[in-house]
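Single-structure report; data block below.
Quick caveat, the model's predicted, so the values are computed rather than measured. Every chain is numbered from 1, with letters handed out A, B, ... down the list of sequences.
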Amino acid sequence: MGADTFYVTTPIYYVNDKPHIGHAYTTILADVLARYHRLLGVPTHFLTGTDEHGQKVQRAAQENGITPQEQCDRTVVRFQELWERLEITHDDFIRTTEPRHTAIVQRLLRELYERGEIYAAEYAGWYCVPCERFFMEKDLVDGQCPECHRGVEKLVEKSYFFRMSAYQSWLVEYIETHPQFIQPEHRRQETLGFLRQPLGDLCISRPRSRLSWGIELPFDADYVTYVWFDALVNYISAIGYGVDEERFARWWPASFHLIGKDILTTHTVYWPTMLKAMGVPMPESIFAHGWWLVGRDKMSKSLGNVVNPMQMIDAYGVDAFRYFLMAEMSLGQDASFTEEAFVTRYNADLANDLGNLASRVLKMISRNLGGVMPAACEPGADEEELVSLTLAAVRSMQDRLKAMQLDRGLADVLAAVRAANRYFDRVKPWSLAKVGDTERLGQVLYHAAECLRIVAGLLLPVMPAKMTALREALGLGAVAGVPSLARLSRWGVLTGGLAVSDIAGLFPRVERPAPTAAPAAPRAPKADGASPAGVAVIGIDEVSRVHLRTARILAAERLEGSEKLLKLSVEIGAETRQIVAGIAAFYEAAALVGRTVIVVANLKPATLFGVTSEGMLLAARRGKRLNLLTVDGDIPSGAAVG
RNA sequence: GGCGGCUUAGCUCAGUUGGUUAGAGCAACGGAAUCAUAAUCCGUGAGUCCCCGGUUCGAGUCCGGGAGCCGCUACCA
């Protein structure tokens, strides 16, 4: 950003994905940041969009009997509709299939190719026809596909590579000298850790024969570019890179690339080196937020616990949903989403504290003062705490915004709301009304209304609809325009005589959901001693999923070149299997032959050091000791354990 | 295994450059009030600040060791 502009981006979402709370969160966060900067009077540009190329789209299109572009056009609306429901105020929505994007991608590819930043290389690999995937020699499992364990064909394939390795030392130094470049700090460390190993070059192509739905390489029509040089470039193609230099210079470098922690490396390693090669300045900051967990579990399709934003909006309203996401997550850390937590916070913060405050103030002005805002007046000793906490909230919100600690800023705003409720109780305007002290009553209601005015302004970026309604109720109609920081920082801005209206149930209280169908992860009982505290309890059904068997070790040998691994041949009943075990430091190979041990028989095979392992030995371990599990007395191999 | 991080009240978390009786919200308990969305307000916490050791006049805050959890990574399986 020029020092005085703000350009914020979200990742572009894969168009074939179904929008979930994670997408919603990043986008709402970007929206809130954009709205705050607009409120601060900073010229703001907010970009989001969709990533539309790739195999999944191609495949879905085939299944639906339509073109890939039609497939994209069909699914992109899921995002566009959600953003509309969520009151997202992006300035631009880029789709990677748009000509304004593909043209730039191709131009960049050509330039980099001509400058030798992109080069072709041929190498032998292995191709699995059913999986449609290409593997390197080292990835194969006993010469077979690591995914489906079927045969693979040898293939000499040409690919194009971006000379990423050339920028490794530059990147390390850049990150070290720009502490704000990757945030939060632990993600910066993670990237530096990643960069301690040699960085390879980046494969940026796929042969058209395998992936047709992509942007064609301008120097080789048999290839399309693969994700990196397509998706990441959206951040600059959308703001006129190479086309409208004035516009580009206005917004670039971006102030924030907001991302989830799952795409850290692509944004902190691939993207910066790409920009460096292009000769484009670095973005100010790449900010990785955490994930929303569902209870204690990762959200996943297979667990069936994906939170659908639309359902939450339907049940509780957009503003409350936005507020919860912003208030509940400490930026950068993971947070837990449960409907119960949502309702608890909703009732406490929005219904009881803010909604109720608005209700008691507005109703009293309506009933006792004829719906007319009392005259402005100076705060006195009674108002001291109220004024100071409210104005502190204004300063806090600005500071917290800079530090990307929105949750803390919101907490300080709520502190001001609570101060107003305390103030109300202390000065008891209802008593003043009873004794007919209209002058003092007017003063009290004026100050309470001032607090509401400022709070509504501070929360407007988070809860645009509700806070607009509140401002209108206070007499700040469209005429008053948007709040400015200058007015929010001052006490006594409301003018007497404004028409105040009552507002019915700004945030109606909601009942707690019955501890629901999908209860937050089962809590381990703590008191009954049935399990070690903090360890999840599982049922017998889960235990039975693990097939444990006795096995006789037929042969054992050190794996060449490995420090810890032994390759074992074991007999499990009639079957003979190969198992790799990391026990070389504890057992001599020869001493194991003939022993009966316990193995997990239905473990997914894996490849270690290029050797397939079809199971796992069980061993007890404590510190530097390790002992294999075996059986008491003689029993044939293949016996069930359990 | 390596690197990094975390461990503070029942729960979610704050705790600045080491310094008076360690804080907030939620939950719980007791009370007040009744303008208001049965909302609000007041009061109530003997929390080994994970454990052990060290530096210091003084450590949640620094150093060493250990435990547990998490992230990335690896020849985990």
Side-chain angles (χ1 to χ4, degrees), chain A residues 184-197 261-262 264-265 288 290-291 327-330 332-336 338 340-341 344-345 347-368 405 407-408 410-412 414-415 417-434 441 444-445 448 502-510 520 523 526 532-535 558-566 579-585 599-600 603-619 621 623:
Chain A
E185 175 63 21
H186 65 274
R187 297 296 167 203
R188 178 166 169 261
Q189 293 301 335
E190 193 176 312
T191 304
L192 286 170
F194 179 83
L195 288 170
R196 274 197 279 276
Q197 294 149 28
K261 63 181 186 182
D262 49 323
L264 184 73
T265 305
W291 278 337
E328 188 79 0
M329 181 179 271
S330 299
Q333 292 177 272
D334 288 348
S336 164
T338 62
E340 199 183 347
T344 299
R345 186 180 271 279
N347 280 338
D349 290 1
L350 298 181
N352 297 353
D353 287 348
L354 177 56
N356 185 232
L357 175 69
S359 174
R360 62 204 306 206
V361 173
L362 294 169
K363 278 206 166 68
M364 284 210 81
I365 295 178
S366 297
R367 287 181 194 165
N368 299 289
Q405 295 178 316
D407 57 315
R408 309 273 207 80
L410 291 174
D412 288 334
L414 260 289
V417 171
R418 284 185 214 103
N421 274 320
R422 274 199 298 280
Y423 169 70
F424 224 71
D425 276 47
R426 187 153 33 81
V427 296
K428 299 180 174 49
W430 54 91
S431 300
L432 297 171
K434 258 177 213 154
L441 175 64
V444 167
L445 293 177
D502 188 7
I503 192 169
L506 192 59
F507 295 107
R509 231 184 122 74
V510 297
R523 290 269 166 94
K526 277 186 180 166
V535 176
R558 287 290 287 256
L559 260 181
E560 195 67 29
S562 162
E563 289 172 16
K564 299 180 185 133
L565 300 180
L566 289 182
I579 292 182
V580 178
I583 57 172
V599 302
V600 178
L603 183 65
K604 183 177 156 190
T607 305
L608 298 166
F609 233 61
V611 178
T612 303
S613 180
E614 306 164 309
M616 168 179 172
L617 294 199
L618 296 188
R621 176 156 201 178

- Message: Could you tell me how far G60(B) sits from G54(B) if I compare only their P atoms? Round to whole Å.
- Response: 15 Å
- Message: Under 4.0 Å, counting only non-hydrogen atoms across every strand here, what does Asp334(A) touch: a base, just sugar-phosphate, or nothing?
- Response: nothing
- Determine the Euclidean distance between corresponding P atoms of C49(B) and U20(B); express it in Å to zero decimal places. 16 Å
- Message: Under 4.0 Å, heavy atoms only, any strand: does Arg418(A) hit a base, just the sugar-phosphate, or nothing?
- Response: sugar-phosphate
- Query: What pairs with Asp412(A) under side-chain hydrogen bond (donor to acceptor under 3.5 Å, both in side chains), at least two apart in sequence or on another chain?
  - Reply: Ser396(A)
- Using the C1' atom in both, what is the distance from G30(B) to C62(B), to the nearest Å? 43 Å
- Please state the P separation for the pair G15(B) and U61(B) - nearest whole angstrom. 15 Å
- Query: When the C1' atoms of C76(B) and G18(B) are considered, how many whole Å apart are they?
  - Reply: 41 Å
- Looking across every strand, which nucleic acid part, if any, lies under 4.0 Å from Arg345(A) by heavy atom: base, sugar-phosphate, or nothing? nothing
- Message: Taking C72(B) as the reference, what is the distance to G10(B) when you measure between their P atoms (whole Å, please)?
- Response: 31 Å
- Query: Between atom CG in Leu414(A) and atom C1' in U40(B), what is the gap in whole Å?
  - Reply: 15 Å
- By side chain to side chain contact (heavy atoms under 4.5 Å, CB included) - contacts of Lys363(A) (at least two apart): Ser359(A), Arg367(A), Asp502(A)
- Task: Could you tell me the separation between the CG atom of Leu264(A) and the CZ atom of Arg188(A), rounded to the nearest 0.5 Å?
- Result: 12.5 Å
- Send over the distance from Tyr423(A) OH to C41(B) P, rounded to a whole Å. 15 Å
- Note on the structure: Nearest heavy-atom approach of Ala448(A) to Phe424(A) is CB-CE1, 3.9 Å
- Starting at the 5' end of RNA chain B, which residue's closest nucleotide do you reach first, Ser330(A) or Phe194(A)? Ser330(A)
N/O to N/O distances under 3.5 Å, protein versus nucleotides 35-38 of chain B:
unit_1	atom_1	unit_2	atom_2	d
C35(B)	OP1	Lys434(A)	NZ	3.4
C35(B)	O2	Arg360(A)	NE	3.3
C35(B)	N3	Arg360(A)	NE	3.3
C35(B)	N3	Arg360(A)	NH2	2.5
C35(B)	N4	Arg360(A)	NH2	2.8
A36(B)	OP1	Arg367(A)	NH1	2.5
A36(B)	O3'	Ser359(A)	OG	3.2
A36(B)	O2'	Asn356(A)	ND2	2.7
A36(B)	O2'	Ser359(A)	OG	3.0
A36(B)	N3	Asn356(A)	OD1	3.2
A36(B)	N3	Arg360(A)	NE	3.3
U37(B)	OP1	Lys363(A)	NZ	3.0
U37(B)	O2	Phe507(A)	O	3.3
U37(B)	O2	Arg509(A)	N	3.2
U37(B)	N3	Phe507(A)	O	2.8
U37(B)	O4	Gly355(A)	O	3.0
U37(B)	O4	Leu506(A)	N	3.4
U37(B)	O4	Phe507(A)	N	3.1

- To the nearest angstrom, the CZ-C1' distance between Arg188(A) and G71(B) comes to 17 Å
- CG of Asp353(A) versus C1' of C41(B): gap in Å, rounded? 11 Å
- In whole angstroms, how far is the C1' atom of C42(B) from the NZ atom of Lys428(A)? 10 Å
- Can you tell me how far P in C26(B) sits from the matching atom in C35(B), rounded to whole Å? 24 Å
- Task: Quick one: list whatever passes salt bridge (charged side-chain N to carboxylate O under 4.0 Å, His left out) with Arg422(A), sequence neighbours left out.
- Result: Glu385(A)
- Message: Using every non-hydrogen atom in the two residues, find where Asp334(A) and Trp291(A) come nearest and quote the distance to one decimal.
- Response: OD1-N, 2.7 Å
- Task: Looking at every strand, decide which applies to Glu328(A) at a 4.0 Å heavy-atom threshold: base, sugar-phosphate, or nothing.
- Result: nothing
- Query: In chain order, what residues pass the side-chain hydrogen bond (donor to acceptor under 3.5 Å, both in side chains) check against Gln405(A), with sequence neighbours excluded?
  - Reply: Arg400(A)
- Query: Tell me, what's RNA chain B's dot-bracket, Watson-Crick or G-U with both distances under 3.5 Å, | for other-strand, [ ] crossing?
  - Reply: (((((((..((((.....[...)))).(((((.......))))).....(((((..]....))))))))))))....
For nucleotides 2-7 of chain B, which of its nitrogen or oxygen atoms have a protein nitrogen or oxygen under 3.5 Å away, and what is each distance?
unit_1	atom_1	unit_2	atom_2	d
C3(B)	O2'	Arg196(A)	NH2	2.6

- Message: Could you tell me how far apart Leu410(A) (CG) and C26(B) (P) are, to the nearest whole angstrom?
- Response: 15 Å
- Indicate yes or no: at least one non-hydrogen side-chain atom of Asn421(A) is less than 4.5 angstrom from one of Val417(A). yes
- Message: Just to verify, what does Asp353(A) make a salt bridge (charged side-chain N to carboxylate O under 4.0 Å, His left out) with, not counting sequence neighbours?
- Response: Arg418(A)
- Query: Who passes salt bridge (charged side-chain N to carboxylate O under 4.0 Å, His left out) against Asp425(A), sequence neighbours left out?
  - Reply: Arg360(A)
- Item | d(CZ, Arg408(A); P, U16(B)) in whole Å | 10 Å
- Message: Using the side-chain hydrogen bond (donor to acceptor under 3.5 Å, both in side chains) criterion, which residues pair with Arg509(A)? Sequence neighbours excluded.
- Response: Asn352(A)
- Message: The criterion is salt bridge (charged side-chain N to carboxylate O under 4.0 Å, His left out); which residues satisfy it with Arg345(A), sequence neighbours excluded?
- Response: Glu328(A), Asp349(A)
- Please identify each residue that fulfils side chain to side chain contact (heavy atoms under 4.5 Å, CB included) with Ala433(A), with sequence neighbours left out. Met364(A), Asn368(A), Leu441(A)
